[in-house]
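Data block below; observations after.
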Amino acid sequence: VTRTDEHLSRLLHAAAPPSDGVDVDDVESRVRRRRTVRESVVAVATSLATIAIVVVAVNLGTGSTPTPPVAPSPTIDLTGTVPWVGTPGSGYQTPTKVPDGTVVTRPCTAADLTATLGGVDGASGHLVHWVELTSTAATACLLEGYPQVTATEPGLPDVAAAQGSYFPATGVPTMRPGEKGHVGVQTDTACTAPSPPPPYHHVAITLPGGGTVSVDVPDGLDTGCSLSVSELSGPAPTTPAPSADPLASLQVALDAPATVAAGDTLVYVARVSNPTGEAISLDRCPSYVQRASGVADLKEDYELNCGPVGQIAAHATVRFEMRLAVPADALSGELDLTWSLAMPDAPTAKTAVTVSPAHGELTAEQRALALRTATTEAWSSPPSGSVAPTSGANDQAAWPSNVDQVSAILTTHADAMQYVGATGGDTTPVLVIRLVGDFSWVTTGPPGHGPATGNVMTIVIDAHTGAITDTGLEPQDPPRPLPDATVLFTR
Amino acid sequence: VKVDEPEGFRDFVAARSPALVRSAWLLTGNEASAQDLVQTALAKTWERWARVIRQEAPEAYVRTVMMSTYLTWRRRRWHGELPVATMPDGAEAHDAFADADLRASVAAALRALPRRQRAVVVLRYFDDLTEVQAAATLGCSVGTVKSQSAKALAKLRAGELAGVWREEVTRDAH
């Protein structure tokens with residue numbers, strides 16, 4: 001325990017008021033009441049089961065639907081969309097040919113290139129002068145292989161370079177118009193030669209494809225130890241090559257309703273646009289992936305419904321209908337939806353949809369749970385002016401007479417708070433049970449806390465465990481009526 | 001219905017219930033709910049007293065029941081009752097106003113915490129339980145006790161308790 005904790009500890013001890021403790025007789029009367037309530041609940045639960053069966057039977061008998069009105073999830077306009085088909089996706093299929101369909105075989109010649117001196121690199125006694133070769137040709141050519149390199153200086157004998165370099169070539173051979181390649185002219189700075197020869201200031205590079213380009217080296221080359229040349233290298237592959245797949249040029253955006261109920265199918269629209277000046281064919285129909293994260297975790301892939309589309313014209317947009325089944329047990333809250341084509345550099349779009357609680361009729365278990373809780377609470381909340389039964393005096397075999405109606409809904413704890421006039425809560429599924437009748441709650445405590453009475457009792461229970469989380473008792477008007485409630489009992 | 005009082009139960013209640021009510025007061029912020037909570041926990045313990053007493057840790061058992069009751073307790077809204085700072089019953093003469101002020105600030109600060117954090121604070125800093133004991137009482141992991149405790153302390157320091165807390169630290173420094 002740190003000093004900080006000591007302070008808190010002292011504050012708490014100072015704040016908690018002195019107490020005489022509790023009276024054992026109070027505890028004893030509670031024990032008695034617990035037993036009584038438990039005994040009567042067993043009797044009532046049995047009779048309630050009968051009532052419930054009768055209610056269901058009556059509903060079946062009339063042939064009318066017993067379900068309360070169900071609010072469908074909001075929808076969006078699907079006019080003009082390509083309908084959803086739901087064919088499973090088949091992953092990415094690479095394009096079968098390069099975009100322009102040509103294969104470059106022509107080696108670059110001196111006429112295709114201009115040479116300039118680029119940078120200098122050095123490492124462990126080796127020095128390399130990079131000569132930049134820029135394509136001035138109208139068509140692509142290949143820059144590869146070793147050139148013949150000669151160092152020249154007026155009044156001195158030419159020095160031919162050997163082939164090979166400590167500095168590896170890193171580019172790709174294809175030189176498109178305007179692209180830059182390079183070649184390295186390498187010298188060494190340390191060797192056993194007696195004295196350095198005069199520097200050479202000119203380099204002639206004879207290309208494998210024919211012709212010679214030359215470049216001046218202002219600070220001179222020391223050819224005394226060695227002179228060698230690297231392989232020709234085309235443009236550096238670090239320059240990102242434009243994606244070879246025209247589908248990657250597509251752009252996508254999503255239109256989705258703001259909310260969807262758990263258990264419903266989210267119907268949304270993927271707007272796929274072609275921003276380029278040329279039509280993009282959908283012959284090679286792409287698959288797409290829809291991912292949901294947040295309150296549900298899903299990943300599904302389907303094939304785009306390309307059939308009725310064929311191609312997306314230049315600057316055109318096609319709207320595809322999309323569907324995502326939201327699990328019935330999805331929590332309430334934000335669902336992040338990501339849609340992308342199944343391919344490298346995929347066009348991707350995101351949106352968020354709020355998942356609202358599942359609606360519709362309660363399951364048999366949920367009804368039973370709600371009924372059980374309602375009876376227990378009704379019995380322990382007797383009509384105002386009377387007292388809770390303290391002995392086995394309950395000969396009633398049905399609902400206590402103070403209950404007129406019981407209804408319930410399934411929602412989240414956070415949503416339920418409004419029905420008991422409170423705030424907070426989380427996404428735990430709960431049943432909100434509302435009893436209408438005449439109730440009172442006995443409170444223990446100092447004088448002045450009389451029994452609370454009211455006509456509307458609201459009980460919130462955990463939908464899985466049945467544990468009561470919140471209750472409220474209102475005189476007449478509840479904080480909010482329950483929407484689309486399932487009526488479990490009416491007198 | 002006649003219920004037989006278990007042997008030793010009365011003595012236990014007399015000895016330990018004042019402390020339990022004070023813990024419960026910190027949890028609930030008022031005397032009536034504190035009484036209600038402790039009585040409920042004791043009533044639940046009554047029925048298992050024979051087994052509880054065999055394990056020789058009746059207080060730990062009652063505290064566990066009290067905490068689980070508290071954590072799942074219905075938030076009953078009584079008409080005419082609002083959890084405001086009330087003058088303490090039988091306030092001592094020496095500095096009744098200071099006591100009432102402190103009581104109100106502590107109650108308000110604890111009320112601002114989520115239930116579980118409030119429970120951790122009371123177990124650790126009022127009941128002086130270790131993290132392991134607090135975890136056992138709450139039926140959660142030691143890690144949860146640590147994290148809930150850290151969150152609660154941060155919130156208390158930043159919230160309504162900041163003033164009195166600082167005073168306490170300052171007083172300590174002199």
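Atoms considered below: every heavy atom in the structure, side chains included; atoms not considered: hydrogens, waters and symmetry mates. A note on names: the letters A, B, ... follow the listed sequences, proteins ahead of strands, and every chain is numbered from 1.
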### Query
By a 4.5 Å heavy-atom criterion (distance strictly below it), what part of Leu20(B) contacts chain A: side chain, backbone, both, or neither?
neither

### Between Asp470(A) and His413(A): side-chain donor-acceptor atoms closer than 3.5 Å
yes

### Task
Identify, with sequence neighbours excluded, every residue that meets salt bridge (Lys or Arg N to Asp or Glu O under 4.0 Å) alongside Arg16(B).
Glu59(B)

### Task
State which residues pass ring pair (Phe, Tyr, Trp, His ring centres under 6.0 Å) with Tyr61(B); sequence neighbours excluded, sorted by chain then number.
none

### Task
Compare every heavy atom of Ser17(B) with every heavy atom of Val22(A), then report the nearest pair and how far apart it is.
N-OG, 2.9 Å

### Task
Answer yes if the side chains of Asp415(A) and Thr412(A) hold a donor-acceptor pair under 3.5 Å, and no otherwise.
no

### Task
Please list, chain by chain and in numerical order, all residues satisfying side chain to side chain donor-acceptor pair (under 3.5 Å) with Thr490(A), sequence neighbours excluded.
none

### Message
Report, in residue-number order, which members of residues 142-149 of chain B are under 4.5 Å from chain A by heavy-atom distance.
### Response
none

